[in-house]
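Note sheet for the following structure.
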Amino acid sequence: MTVRLEGIPEKPRTAWSARFQESGLMWRALRRDRLAVLSLVIIAIFILGAVFAPWLAPYPDQGMGKANLKEKLDPPSSAHLLGTDDLGRDLLSRMILGSRPSLSIGLFVVGLAMLIGTPLGAIAGYFGGWIDQTIMRITDIFLSFPALLLAIAVSAALGASFFNAMLSITLAWWPWYTRLARAQTVSLKEQTFVEASRAIGVPGFTIIRRHIIPNVLTPALVQATMDIGSAILMGAALSFVGLGVQLPRPDWGNMLNVARLYFNDGPWFAVFPGLAILIVAMSFNLLGDGVRDVLDPQSRRTG
Amino acid sequence: MQRKVWFVVSAVLLVALVVAGCGAPAPTEEPGPAPTEAPAATEAPAATEEPSVPKVVTWIMWQQFIDLDPALAFSSEHPALNLIYENLVYMNPPGAAELLSPGLATSWEANEDATEWTFHLREGVTFQDGEPFNADAVKATFEHYAAQEGAGCTFIWGAVEDVEVVDDYTVKLYNSYPAALDIIATSSYCGEIISPADTGQPKEWFDAAQGHGTGPYMYESYDKGQRLILARFDDYWKGWEDNQFDKVVFEIVEDTVQQLQMIESGEGDILRELPPDKVEQLRANENLKVYVDPSYQHMQFLINNQKAPTSDPLVRQALAYSFPYDDLVERGEGIFTQSRAAVPAAMWGHCADCFQYSYDPVKAGELLDQAGWVDTDGDGVRDKDGQPLKLLLTYTAGATGHAWPTELWVYPAGEISIELDTQGMTYSAMWEYNKQDPQMAQDITIQQWWPTYVTPFDPLFSMYHCEEEPFLNTGYYCNPDYDALIDEADQLTGTDRDAADQMFQDAQDILTEECPAVWVMDIAESFAFTADIDGFVNNPAYPGVVFIYDLTTTR
């Protein structure tokens, strides 16, 4: 016996498709924020640079670690636009190739943290009770450690490598998304459209998938955009202490670490990787601000 | 100048960077001569009211202390232990008129075939705990070493079968085979004579910075992993002068940049193992004295001889041909020279005629082809039976002498399609990892060696003889024929050094052929001292040791 209810559209994925329809509007709003657009352009340039790194780097072999001791710590010149490092390698090439791990760690960590954290938070918030308690106490355990310290401890335990660095940062990161998603879910589940779904007997997980997650996604995305910059910084910090990308493979963090020793002899060696981290992290933060202003009506600027 | 502009720009940017929260501690030192407070004190010698201000010397230690039991300590503890404890005999620096000089023994003699040794002991010496130094104390120390059953450094006394107390100040040692006990007694490790009240104490007791010797300095306080403080032993038998140091502080700082900052700012007084490309800069600093001297130290990559794929000698030889020796020597700026075979060039028993591997990627590639390692799937890494040629290399992160060779090797290895997966750790963590079951362990690890006492037997035995439980032979090489040869050579050392020399060289021929390691570089000893410290003489028989008692200061 089935009941055909009036007013329920044929296509049930309303919340999801609405999100996509909104994106056009979002873009139009975001375009008005000059800083955000500039940040977006900068980020796009860096990402393109990372994607095409082996073709863009003037000395790809040096970028990957081939020593060139004859030109050790040469200042910037026409042959080496950003100078050379302690092994005489072209700094520009090292930076371009080093952008791959540096950028991907940010995107990967935030992506994975969102993927793990958001559904868990939605489940915790929707079902409540012991499920909520269990999930949230686990997040409390993770949040009780300073994020960088936890990441360092985990990657020291797993062994120093790029992949382990990504995992360990993600481990320190996901609970924030769980908290965020849970808070949103708790308020969402009292709303009429969710109650209506429940009333007609839609199973809990379906409600979460169709109604909760699409609505939680907006704040999570805002948070993610803001977080990428911090994740890149944390990735660089791990590499800096020797727990990320292993030399001679380049990464902005490990380049900075080596450069410390040569700060008097070749300041460019420390400056450019540092500058790259600064610019990228700042761009993601500014973009995050812009996206939040557009997506999050509660914090939207007035006037 | 261009450099100055760079400096200003970069300083500003670095500050911005730190503000951005990168977490990188920015180098804070100013270029050029640092503003100094220390030398001002030298202007006022009248102010030496001795009892009020103890003279403190700060050693910037490159590594934490692992074992403090003199029987087990076999790493970087000797700079401290050699100050607390004393040997019966000391080896003189090269160029001295005599090979040996008396320590706690004033004279010694052996029978003709070097199986019985009599040591006459110094009278009027007391240990730091008040125990008298005599023949019984020497016997107790030997019993402490014998109880370790060859662990740690105690293998050096392997020949000694019995210790006889002839009278209070005469002790006689009986060997099971000929051995040059006078030379062995000079050892930087396990040469120490321990108070009879402490012998037999467990490892944990010593590791809490306890124990008494007859030496000039004794334990004052210890914060494991951070610092060790030694204070002078007032009743030291050589007596004290005003211009000697009252306290020695070992400040453990593993980071090279921080070490340099400390020595350049005057926060520390002694630094060892200077980064080669910083030696000139330190020499130019008028507040410092820099010493670069020959040494018996060398650095090698020990290859896992038990586990595939490096259990195949062809793969090991290929690795030896893939290392860019010339780049390393160039980067070493006179501190590094390429090694030949397994004994450093300055040591007797060095094999000048042995084959020396060179960087030859073509040859390395051929050897790998011959061993069946070919890149069949075109991913840039050779493979065999579906396994890629991917090797895990462990090294000590932070130590330039370890990180540089490692960093330089990865790319050339990649060019012949070997993927070197490098893993930097602290030395103690690395050693623990290396001591596991060879089948589970790393493929390549780094081992920097300096002599226990001056004999080629030491590196040849410690790093290459068969070990049931891995200890220092972390390449897990085992060849009974080789073991027999070096054991025989060691026994000949006391009686026929030339024959022993030749046999040690023959043993190295075996090693060179089987290639259990990549012999990378001999390392010159390098030290920086604050300029107000005098009296340092580098003694390569005691690498890394500064006999603080011999130093004088104008402070």
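Reckoned from all heavy atoms, side chains included, excluding hydrogens, waters and symmetry mates. The structure presented is a predicted model; accordingly, all values stated were derived computationally and were not measured. Order of the sequence lines fixes the chain letters, A, B, ..., with proteins taken first and strands second; residue numbering starts at 1 for each chain.
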Tell me, for [X] versus chain B, whether the close heavy atoms (under 4.5 Å) come from the side chain, the backbone, both or neither.
| X | result |
| --- | --- |
| A:Asp61 | both |
| A:Asp86 | both |
| A:Ala160 | both |
| A:Lys72 | side chain |

Query - Pairwise salt bridge (charged side-chain N to carboxylate O under 4.0 Å, His left out) hits with a residue in residues 411-429 of chain B, at least two apart - result: A:Lys66-B:Glu415
Requested in this report: Identify the two heavy atoms, one from A:Pro101 and one from A:Pro250, that lie closest to each other, and give their separation to 0.1 Å.
Outcome: CG-O, 3.5 Å
Query - Electrostatic pair B:Glu407:A:Arg89 at N-O distance under 4.0 angstrom - result: yes
Side-chain donor/acceptor pairs under 3.5 Å, residues 232-245 of chain A, sequence neighbours excluded:
residue, atom, partner, partner atom, Å
A:Ser239, OG, A:Val245, N, 3.3
A:Ser239, OG, A:Asp251, OD1, 3.1

Requested in this report: Using non-hydrogen atoms and a 4.5 Å limit, figure out which bit of B:Trp404 sits close to chain A: side chain, backbone, both or neither.
Outcome: side chain
Query raised in the report: chain A: which of B:Asp277, B:Thr256, B:Leu260 shares the most heavy-atom pairs with it under 4.5 Å?
Result: B:Asp277
Query raised in the report: Can you tell me if A:Asn164 and A:Ser155 form a side-chain donor-acceptor pair at under 3.5 Å?
Result: no
